[in-house]
Protein chains: 2
Amino acid sequence: MIVSKHTAADGATAALREMILAGQLKPGERVHQDHLSELLGLSRTPLRTALATLTTDGLLDYEANCGYRVREFSLDTIRSVFEIRSVLEAQACRIAARLGCSDDMLDKLDALLKRGDDILASGELKPAALPDWRRMNVDFHETIIHAANNPLLGEFVGRTHNVPMVSDRVILWDDFYIIQRSHDDHHRITRALRHREGERAAAIMNEHVSFAGDLLIDRLGTDPEAAVQHLIGAAGVSKFKMKKAK
Amino acid sequence: MIVSKHTAADGATAALREMILAGQLKPGERVHQDHLSELLGLSRTPLRTALATLTTDGLLDYEANCGYRVREFSLDTIRSVFEIRSVLEAQACRIAARLGCSDDMLDKLDALLKRGDDILASGELKPAALPDWRRMNVDFHETIIHAANNPLLGEFVGRTHNVPMVSDRVILWDDFYIIQRSHDDHHRITRALRHREGERAAAIMNEHVSFAGDLLIDRLGTDPEAAVQHLIGAAGVSKFKMKKAK
DNA sequence: AGAGCCATTAATGTATCCAATCTCAACACC
DNA sequence: GGTGTTGAGATTGGATACATTAATGGCTCT
């Protein structure tokens with residue numbers, strides 16, 4: 001078999017998730033099953049499976065006999081997610097340190113640190129290097145979560161990414177110092193993990209994630225249009241329209 | 001919540017969730033769509049919607065063209081969930097203290113504390129009082145989560161309850177001192193929240209939840225059969241069969 | 001003219017049917 | 001005797017048809 005077998009429902013789920021996170025379907029907008037099934041080229045049955053999945057995932061709202069709507073995410077929601085993600089990833093550090101990272105794990109983290117160092121060596125973050133940077137960042141966080149040996153932690157952090165712009169794939173890249181400092185956090189976290197200083201690693205990670213959230217929210221709050229220009233992440237994110245926070 | 005109208009799919013979801021958490025469907029067991037739809041008295045269509053929902057909720061495993069299976073929960077999984085729930089509820093305390101609990105909120109917590117005090121006043125936890133106790137416990141935790149004004153926190157903690165025996169509705173009740181001490185935690189958490197001592201409240205809550213997890217895991221590890229005898233919670237939980245941890 | 005009611009319409013929810021795929025056992029072959 | 005293959009049966013995935021419910025627009029009545 002060439003590709004992993006995929007059902008139409010799975011495909012629809014992935015397609016819809018992209019459409020929602022990319023902002024093609026606007027928050028609050030009603031989702032018409034007939035339209036969408038025609039658009040995606042399948043019947044309503046697999047589409048409805050996808051809608052049910054995405055509703056449980058938190059990307060859609062559902063009311064019986066009234067259909068599905070794209071969930072509205074306010075700045076408040078984004079803040080909420082960072083308040084959750086920060087403690088979950090900090091907990092990952094705490095556990096990883098307690099268990100003790102394996103040499104393989106530490107080697108992997110070191111390699112990721114070097115990849116980041118190399119990208120930043122020029123003194124600027126070139127747009128061409130953004131995909132590599134993003135990849136490094138995602139890998140770093142996932143490696144630590146994996147090191148916590150907690151099968152559910154990854155699931156929970158993953159759900160966190162179901163909110164537009166909260167993914168660690170999304171990076172504000174216009175301020176080089178902030179990027180540099182962020183990678184410095186990576187160094188310190190790795191060092192703390194190596195020395196099995198769990199609380200220390202957790203504290204750095206907490207701040208690492210929390211500050212990223214504060215920064216994003218601050219930017220979105222003052223000038224949403226400009227902010228999304230400096231985001232790199234999910235395709236089409238720049239088309240995303242923010243719901244006004246009250 | 002009053003469900004004025006519920007679709008067959010919603011009903012099936014609720015029924016299946018109960019069946020899984022109660023252990024009527026055994027972990028690892030394959031779920032036959034025809035069989036179940038007949039059992040529940042509906043067609044496969046709404047049932048499949050329910051299956052998709054519960055899969056995303058984490059109660060079922062799914063593989064394309066191979067159908068659904070009841071997810072297997074090891075002791076390791078239960079430990080994992082407590083590692084998550086402890087930091088989430090601690091974070092709720094931290095945020096609630098930072099925001100400052102409203103008088104209404106504090107009054108509600110005080111009322112819950114008194115309800116607990118009254119139940120324990122006799123010096124024992126009578127079986128007849130268990131439902132009241134459980135209700136008080138659930139309300140206490142939910143009130144604090146609500147006080148954090150974080151719309152997603154409740155959702156995430158709720159997902160935590162999708163693992164058998166992790167719900168705060170489940171209580172080990174055979175050791176009066178432990179119950180007493182647990183309620184003493186409630187008092188101290190409330191006091192810390194009143195004084196807006198966030199870190200202090202968070203620390204107590206973390207320990208409060210973590211210890212409950214340790215206790216449960218210890219009991220299940222040493223003598224699963226005896227342990228479930230002392231659990232009170234979801235109906236039929238005593239029929240639940242634990243997957244052997246390796 | 002405005003508000004409320006009713007009928008029509010459109011969309012959702014469910015059942016049934018058909019196609020695709022996996023399971024499993026019997027069988028041939030090494 | 002063990003292993004690979006193949007075909008029938010069972011089970012899942014998807015499409016379509018039908019039932020049910022909410023939304024809409026027009027109508028009447030005040």
Side-chain angles (χ1 to χ4, degrees), chain A residues 1-20 24-72 243, chain B residues 1-20 24-72 243:
Chain A
M1 61 198 82
I2 304 164
V3 185
S4 63
K5 57 203 160 194
H6 93 145
T7 69
D10 291 337
T13 305
L16 275 177
R17 176 177 278 117
E18 280 305 310
M19 288 174 72
I20 294 169
Q24 280 177 268
L25 296 171
K26 291 185 182 110
E29 185 178 347
R30 261 190 74 168
V31 177
H32 285 260
Q33 299 179 4
D34 276 329
H35 297 176
L36 259 185
S37 62
E38 190 177 357
L39 184 70
L40 297 175
L42 26 80
S43 83
R44 282 173 54 215
T45 306
L47 174 68
R48 284 170 56 89
T49 304
L51 292 173
T53 298
L54 292 172
T55 299
T56 313
D57 256 355
L59 279 123
L60 295 171
D61 286 329
Y62 171 74
E63 190 181 355
N65 295 312
C66 294
Y68 297 86
R69 292 174 174 279
V70 179
R71 184 166 180 174
E72 303 199 58
K243 178 192 174 193
Chain B
M1 183 168 64
I2 301 164
V3 182
S4 55
K5 56 184 178 286
H6 70 184
T7 69
D10 292 337
T13 305
L16 274 176
R17 176 177 280 118
E18 280 305 311
M19 289 174 71
I20 294 170
Q24 281 178 266
L25 295 172
K26 293 188 179 103
E29 185 179 346
R30 259 189 77 169
V31 176
H32 284 254
Q33 299 180 3
D34 272 327
H35 184 232
L36 257 186
S37 62
E38 191 178 356
L39 184 71
L40 296 175
L42 25 81
S43 82
R44 280 174 55 215
T45 307
L47 174 68
R48 289 179 53 187
T49 304
L51 292 173
T53 298
L54 292 172
T55 299
T56 313
D57 255 355
L59 279 124
L60 295 171
D61 287 329
Y62 171 73
E63 192 181 354
N65 295 314
C66 295
Y68 297 85
R69 293 174 173 280
V70 180
R71 184 165 178 174
E72 302 200 58
K243 178 194 174 192

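Convention: sequence-line order gives letters A, B, ...; per-chain numbering from 1.
As rounded to whole Å, 13 Å separates atom P of D:dA17 from atom CG of A:Asp34. At whole-Å resolution of the value, CZ in A:Arg30 and C1' in D:dT21 are 12 Å apart. The interatomic distance linking A:Glu63 (CD) with C:dT12 (C1') rounds to 12 Å, in whole Å. Here D:dT12 presents its C1' atom at 14 Å from CG of B:Leu36, a figure rounded to the nearest Å. Here the P atom of nucleotide D:dA22 and the NE2 atom of B:His6 are 14 Å apart, to the nearest Å. Rounded to an integer number of Å, the gap from A:Arg69 CZ to C:dA11 P is 14 Å. The NE2-P distance, from B:His35 to D:dA10, rounds to 15 Å in whole Å.
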Going through the checks in order, is the side chain to side chain contact (heavy atoms under 4.5 Å, CB included) test met by B:Lys26 and B:Val70?
CA-CA 7 Å; B:Lys26 293 188 179 103; B:Val70 180; over 6 Å; no

Stepwise side chain to side chain contact (heavy atoms under 4.5 Å, CB included) check, A:Thr45 with A:Gln33:
CA-CA 10 Å; A:Thr45 306; A:Gln33 299 179 4; over 6 Å; no

Between B:His35 and B:His32, is a ring-ring contact (aromatic ring centres under 6.0 Å, His included) present by the stated rule, with each step listed?
CA-CA 5 Å; B:His35 184 232; B:His32 284 254; 7.2 Å; no

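No hydrogens or angles considered: nothing links the side chains of B:Asp10 and B:Thr13 as a donor-acceptor pair under 3.5 Å.
When distances are taken from the side chain of A:Tyr68 to each of C:dA11, C:dC22, C:dG13, the shortest belongs to C:dG13. Closest to the A:Ala8 side chain, of the nucleotides D:dA22, D:dG14, C:dT23, is D:dG14. Picking from D:dG14, D:dT21, C:dA11 the nucleotide with the shortest atom distance to the side chain of A:His32 gives C:dA11. When each of D:dG14, C:dC22, C:dT12 is scored by its nearest atom to the side-chain atoms of B:Asn65, the top-ranked nucleotide is C:dC22.
For CD of B:Glu29, the number of neighbouring non-hydrogen atoms (other residues, nucleotides, ligands) closer than 6.0 Å is greater than 12.
Of the side-chain N and O atoms in B:Gln33, one or more sit less than 4.0 angstrom from OP1 or OP2 of D:dG13.
Looking at every heavy atom in both residues, A:Tyr68 comes nearest to A:Arg48 through OH-O, 4.5 Å.
Each of A:Thr56, A:Leu59, A:Val31 was checked for a side-chain contact (heavy atoms from CB on, under 4.5 Å) with A:Leu51, and the lone residue meeting it is A:Val31.
The stretch residues 41-49 of chain B touches DNA chain D through B:Arg44, B:Arg48, each having a heavy atom under 4.0 angstrom from the strand.
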